[in-house]
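For clarity, every value in this text was computed on a predicted model and none was experimentally measured. By convention in this document, chain letters (A, B, ...) are assigned in the order of the sequence lines, proteins followed by strands, and residues within each chain are numbered from 1. The figures here come from the full heavy-atom set of this structure, side chains too, leaving out hydrogens, waters and symmetry mates.
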Amino acid sequence: MRLPRFEYHAPERIEQVFDLMESLGSAAELMAGGTDLLPGLKLGKRSCDHIVSLSRLSELKELSFNEAKGLRIGAGTVLADVAAHGPVRDRYRMLASAIADLATVQVRHRATVAGNLCNASPCADTAPPLMAMGAIIEISSSGGRRDIPLEELMVGPGSIALEKGEIVTAIIVPTPRLESRSTYIKFSPRSKVDIAAVNVAVSTTTTRGRVDEVEIFLGTVAPTPIRARRAEVLLKGSHLSESLLASAAAAARDECLPITDFRATEEYKRHLVEVLTKRALMTTTGIA
Amino acid sequence: MSRQTLIGKSLPRPDAKAKVTGGAQYTDDIHLPGMLHGALLRSPVAHARIASIDIDRARALPGVKCVITGNDVPAVRYGNWRLVPELQDETALAVDKVRFIGDEVAAVAAVDADTAREALELIDVEYEELPAVFGIEEALAEGAPHLHDAHTDNISLTRNIDYGELDRAFEEAFHIQEDVFTTHPVNHAYMEPCSALARAESDGRITIWTSTQTPYYIQCLLARTMELRENDVRVIKPHVGGGFGGKMELRPWDFCAAWMAREIGRPVKFTLDRTEELATGRRRHAVKISSRIAFQEDGTITGKEVRAWLNGGAYNGMGPTATFLIGNFGAMLYRIPAYRYRGLYIYTNTPPAGAMRGFGAPQALYAGETQMSQAAAALGLDPIELRLKNSMTEGDEIPGVATVGSCGLKECLEEVRRISGWNEKRATLGRGHGIGVACYSFISGGVFNWFNTKYPFSSAEVRVFDDGTAQLSTLAADIGQGSDLILPQILAEELGLRMDDIRLVTGDTAACPQSDLGTWGSRVTLMAGNAVRRAAKEVKERLFEMVSLKFDLNVIHELECGDGHIYAKNKPKRRIPFGEVVAMAQRANRGEPIKATGYYTPRDCGLVSPAFSFGAQVAETRVDLDTGKVEVEQMYTVHDCGVELNPMAVEGQLEGSIQMSLGYALSETLVMQEGRTLNTTFLDYKIPVAADMPPSISKTVETFEPAGPFGAKEAGEGLACPTAPAVVDAVYDATGYCCNDLPITPEKILGHLGA
Amino acid sequence: MNFDATNRWVGCFTQPADAKQMKHHVIRITVNGDRHTLAVAPHWTLVEVLREHLRLTGTKHGCGTGDCGACTVLLDGRSVNSCLTLAVEVDGREITTIEGIASSGGELHPVQDAFIAHGATQCGFCTPGMVVSSVQLLATNSRPEEQEIRHALGGNLCRCTGYTKIVEAIAAAATQGEEAEG
């Protein structure tokens, strides 16, 4: 399968990227690893006349952690490097495990977290965990920089909240609370290497049997990964019990908006949301 | 002296080094000077009359060298069923009508692949859409639109078998097990996409390199469509990256490459995309099977009736054979005194179905074996006991068509029961955890000459040289199964030489003896193996004459080949190096080379196959009762493939079969919507990966098959059949849910559990 | 254009002079130790350039979407799908294909020896990608557990072997490597 023809630009300075994206507008696609964009172009699901590559921008390959600022993942950092990063493995285990389950070794050597998020696939593996960890997206343009919560980045399948000339330059993930516990479950009934039928990220903080903080994010069951707010409301401040977790899981089931595809039907995805949300909550809260 | 034997040795493949270093050449790896790249325009609609095709814009694109449509080439209908010309219903490019989404309409050759592809977009085709049919019921409905003008309905072929007094069996039955099953279309997913490269020689003859299992069929059918003599077409089969039944027919790209090469005088290569393969390629038939079996109270089968409706797709190709095979495989495992079979092959506006590993057997055995386990439950018997009670043994008859030779089915069942711990596990593992069983029987090549060849089914030429080496020439086609290992292994054994003393010439119709029907039906080891042995025996006779003269032995059978020598059996010190004997024989005969050709064509062995193999498999599964996800935890297989010539090669067949069959049972299906295949990448068409594979324990029950070389018989396809019904039975044991409509999905299980 | 003497100019691509003709980019790459200077169209993938222009056909094109892994090569020592890598993106970088896995003297890598001895090749079309992925795995994990091997092969599909003998071969190569070190 061959790619359609396009022009290729690989600026060495970020200002050139802004200029190009501004002048080319929707005729251009920004490319990090290319592992989603290129198959999309080959299959005719996407099209563009220009590709603007981030490959020569060494400043985007940053990967750093400090206790105060959290984790900073440059838009050009590949998944394999993120997953192998010591602080990620120690402190952001949910992210490390989501990356370990994402695609294949070969893809993880090319693909980036920013690319995974900016493709805005409803099933993006890194989105629910990063959302549950409160990730911030750093957006840059010739006009300057702005930060938005990751939750606001994706607006629909394949669509993100960037203005013309803006690009995502980094993902900043706050340092997790030491007392919080989190888990990520990716579920495919077909294979160990597959796109998720449903993915769930849960993070909870509890004291003496009471839920202080909770974040539940669901992937693949709405046009974008979504927050299970009603489930969270049920949980927050309540005393832990299996029936509480079951009611929260049922609430998550009701608030998602899945569609039928070849991996699963709408009804089955709803059912999975309930089962997996409950399992994830049981894991993080230790309630069996 | 006990002679070293190569039979039963796990020798590595002679081509493995080329394969691990990237040196093995496949068709798309070949580049010829001046070569052009081809691309095919395919129909976007399922059924339509072609009102017009305008190729002018495409022709005008710089770099485009040739554009052809069905109007530019002879409308020769072809297909593997040469014996019944009415079944040959396909043309290389659509003439007047298209009948499925993907039907080939036009072809382009251009200086590079990009230009060829871009030219396709410049071909303007006007379609007048016609009503279409996609499923079996629709196609058979009164007044349904029909696909082919030669037929008044959509039935392409029927096959009936009537054997014994069936009605009485059902009247007197203690229990009648009656079920309806449906199966889904799946793709071969061979790793190498189809590819063909053709060159017109200066004398007008054609040379074609193509990824095929059957060079001889390509030669015959390409000659016919090109209006050439068969010998004017030379087919070369480079390394082939798997076939599994999907590469045994002449396909449009073979023809278009050859035709355009002749038109323009430059070589033309076509290589399909994976999306083309999945969206339009051949597939395993979706079949509806209605089956009932009559049992006595003790579980003895007294009769069986099978009705099968095969969704054949838009053209016959090789597909209708499955109508015959499902009939045979419906009654090949157990003694069935009365049998009735009705098979219907049905046209629909979907991509044509064809041979795929087992060719009818996976569907027939899924239905038949699921029924056996269900009948056992109804009769209150153990599923293995029920099978043992009825299992075929040597000398039993396959209703009306053949007698079983060697048969280790009972031993396989008993052994698999033992190694799997069946008696301790069945019905006792607890909810969500189950164990299931299924058996198979399979053929070692076909007897029926549907290709209507006038040549032997297999041929092998053996030449020996005075340097102590030998050359084996055969058109038997290695597509990954390993005949380039096994046939030299057989020859080395016969001649007492080492593997690296054997030079193999294969895969070239101009260099190999006519003929070999190719790789299908698990025929190669038995048929080509016998041909090799016959050639070797003739060569040995010539050489033994020399040695017997020299040592003054008057009986030729006192001699033997071994260790690179020919020696007297009782006096092994009286020996002469192999090459010296060859030299003696040549000197004694004016230098004429020592060579012989051996042939094999099955005779007097019924209508199906010269030999039958058997096996039993047990699957242990765990079902997540909340999500319905099935995890296959362990496979146990015991099978009878006669004498294992190369155990490592046999294991490879078994392990690969389990992968393909777990996919068939659980994860693979071509999702169809109005004739369109929706999942056309490996992201969406899910074949199992390494981490999906369960551990597997296997054993063989060794029988000696008199019809096979050194007692060997089939080991490549039958094993692809029991896994799906074994998993179905295990899921039944775990959950009480019996899947009658493959594949098993979590949703079906949850539906049954009422979750 | 100027090329230094050690660089081989692999050019002269037949290109139709059509309006959509995009600008070619000149890249310098090292493949299996050999340096090449190439003019490539922006939409050419690495697998196409390796196979069609450098005629290194050991790398296979099995799906084009990064799912089968037959096109796996090492890019600066890391396995990637060459069907999902633009040739223009690898300017200045080092590529190892299946042809470069054995030593330049022709001595096979332990993984290659093990694939042969364990019967891990059947049709052989997935083999180059499998071998490259295995070499990558052992470079990062010299003694992988069976499940680690299976997980690492998630990007390499095989339709013949059921993966069993491939996994056995990799485990054996790892053991052999360890013995060689010890």
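There is no side-chain donor-acceptor pair under 3.5 Å between B:E655 and C:T161. Side-chain contact check for C:H61 and C:R51: no donor-acceptor pair (N or O, by modelled atom type) lies under 3.5 Å. Between B:T680 and B:T275, the side chains place no donor N or O within less than 3.5 Å of an acceptor N or O (distance only, hydrogens not considered).
Heavy atoms of B:I658 lying under 4.5 Å from chain C are absent altogether. When heavy atoms are compared at a cutoff of 4.5 Å, B:H239 does not approach chain C at all. Residue C:H109 does not touch chain B at all, counting heavy-atom pairs closer than 4.5 Å. In this structure, chain B has a heavy atom under 4.5 Å from the side chain of C:Y163, while its backbone stays farther away. In this structure, chain C has heavy atoms under 4.5 Å from both the backbone and the side chain of B:A189. B:Q25 does not touch chain C: none of its heavy atoms, backbone or side chain, sits under 4.5 Å away. With a 4.5 Å cut-off on non-hydrogen atoms, B:D28 touches chain C through its backbone and its side chain both.
Ion pairing between a basic and an acidic side chain is recognised when a charged N comes within 4.0 Å of a carboxylate O; B:E277 and C:R159 show no such pairing.
Within the 3.5 Å criterion, the main-chain N or O of B:R282 finds a donor-acceptor partner in the side chain of B:N187. At distances below 3.5 Å, at least one donor-acceptor pair connects side-chain atoms of C:R150 with backbone N or O atoms of B:A690. Proximity of a side-chain donor or acceptor of B:Q481 to a complementary backbone N or O of B:S522 within less than 3.5 Å is not detected. Between the side chain of B:E668 and the backbone N or O of B:I687 there is no donor-acceptor pair closer than 3.5 Å. Between the B:D692 side chain and the B:V689 main chain, a donor and an acceptor come within less than 3.5 Å of each other. At distances below 3.5 Å, not a single donor-acceptor pair connects side-chain atoms of B:E644 with backbone N or O atoms of B:A715.
Of the listed residues (B:G482, B:G241, B:A649, B:G23), the one with the most heavy-atom contacts under 4.5 Å to chain C is B:G241. Interface check for chain B: of the options C:I116, C:T97, C:V131, the most heavy-atom pairs under 4.5 Å are formed by C:I116. When each of C:M130, C:H151, C:K60 is scored by its heavy-atom pairs under 4.5 Å with chain B, the top score falls to C:K60. Highest contact tally toward chain C, considering only B:M693, B:H31, B:M660, is held by B:H31 [criterion: heavy-atom pairs under 4.5 Å]. Contacts with chain C were tallied for B:Q653, B:K17, B:R13; B:R13 has the most, counting heavy-atom pairs under 4.5 Å. Of the listed residues (C:L108, C:I101, C:T65, C:I166), the one with the most heavy-atom contacts under 4.5 Å to chain B is C:L108.
Cation-pi geometry between B:R284 and B:Y664 is satisfied (NZ or CZ under 6.0 Å from the ring centre, within 45° of the ring normal).
Of residues 70-86 of chain C, not one residue has a non-hydrogen atom less than 4.5 Å from any non-hydrogen atom of chain B.
Classified by interplanar angle (parallel below 30°, tilted 30° to 60°, perpendicular above 60°), the ring pair B:Y190/B:H188 is parallel.
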